[in-house]
Amino acid sequence: MEVSNYSELIRGDRVRANTPPEINQAIDTEIAAMVRFYASKTDYEIGKRIEELIRSGI
């Protein structure tokens with residue numbers, strides 16, 4: 001999914017509103033790739049990744 005109209009995404013989001021569109025697009029692309037990657041994983045694998053993120057403070 002590629003976003004072409006950022007006005008809906010940045011409404012009320014000061015960080016996105018003050019970040020250059022090309023950086024927001026790169027972040028969106030990375031998020032979409034991670035969602036696709038984890039879509040094929042098992043509940044166990046996803047749970048382990050969530051635990052890793054929690055332990056790292058993210």
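Hydrophobic clustering of Ile, Leu, Val, Met, Phe, Trp and Tyr side chains at less than 4.5 Å, counting indirect connections, keeps Ile31 apart from Val15. Follow the hydrophobic side-chain contacts under 4.5 Å out from Leu53 and you never reach Phe37; the two are in separate clusters. Residues Tyr44 and Met34 do not share a hydrophobic cluster, clusters being chains of Ile/Leu/Val/Met/Phe/Trp/Tyr side chains in contact below 4.5 Å.
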For this session: List the steps and the verdict of side-chain hydrogen bond (donor to acceptor under 3.5 Å, both in side chains) for Thr29 and Gln25.
Result: CA-CA 6 Å; Thr29 299; Gln25 181 62 49; 3.3 Å; yes
For this session: Take Arg16 and Asp28 through the test side-chain contact (heavy atoms from CB on, under 4.5 Å) and record every step on the way to the result.
Result: CA-CA 11 Å; Arg16 284 188 73 94; Asp28 294 341; 2.9 Å; yes
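To the nearest 0.5 Å, atoms CG (Asp43) and CD1 (Ile50) are separated by 9.0 Å.
Salt-bridge check for Glu51 with Lys48: failed, with every basic side-chain N at 4.0 Å or more from each acidic carboxylate O.
A donor-acceptor pair under 3.5 Å is formed between the side chain of Glu45 and the backbone N or O of Thr42.
Closest heavy-atom contact between Thr19 and Asn24: O-ND2, 3.4 Å.
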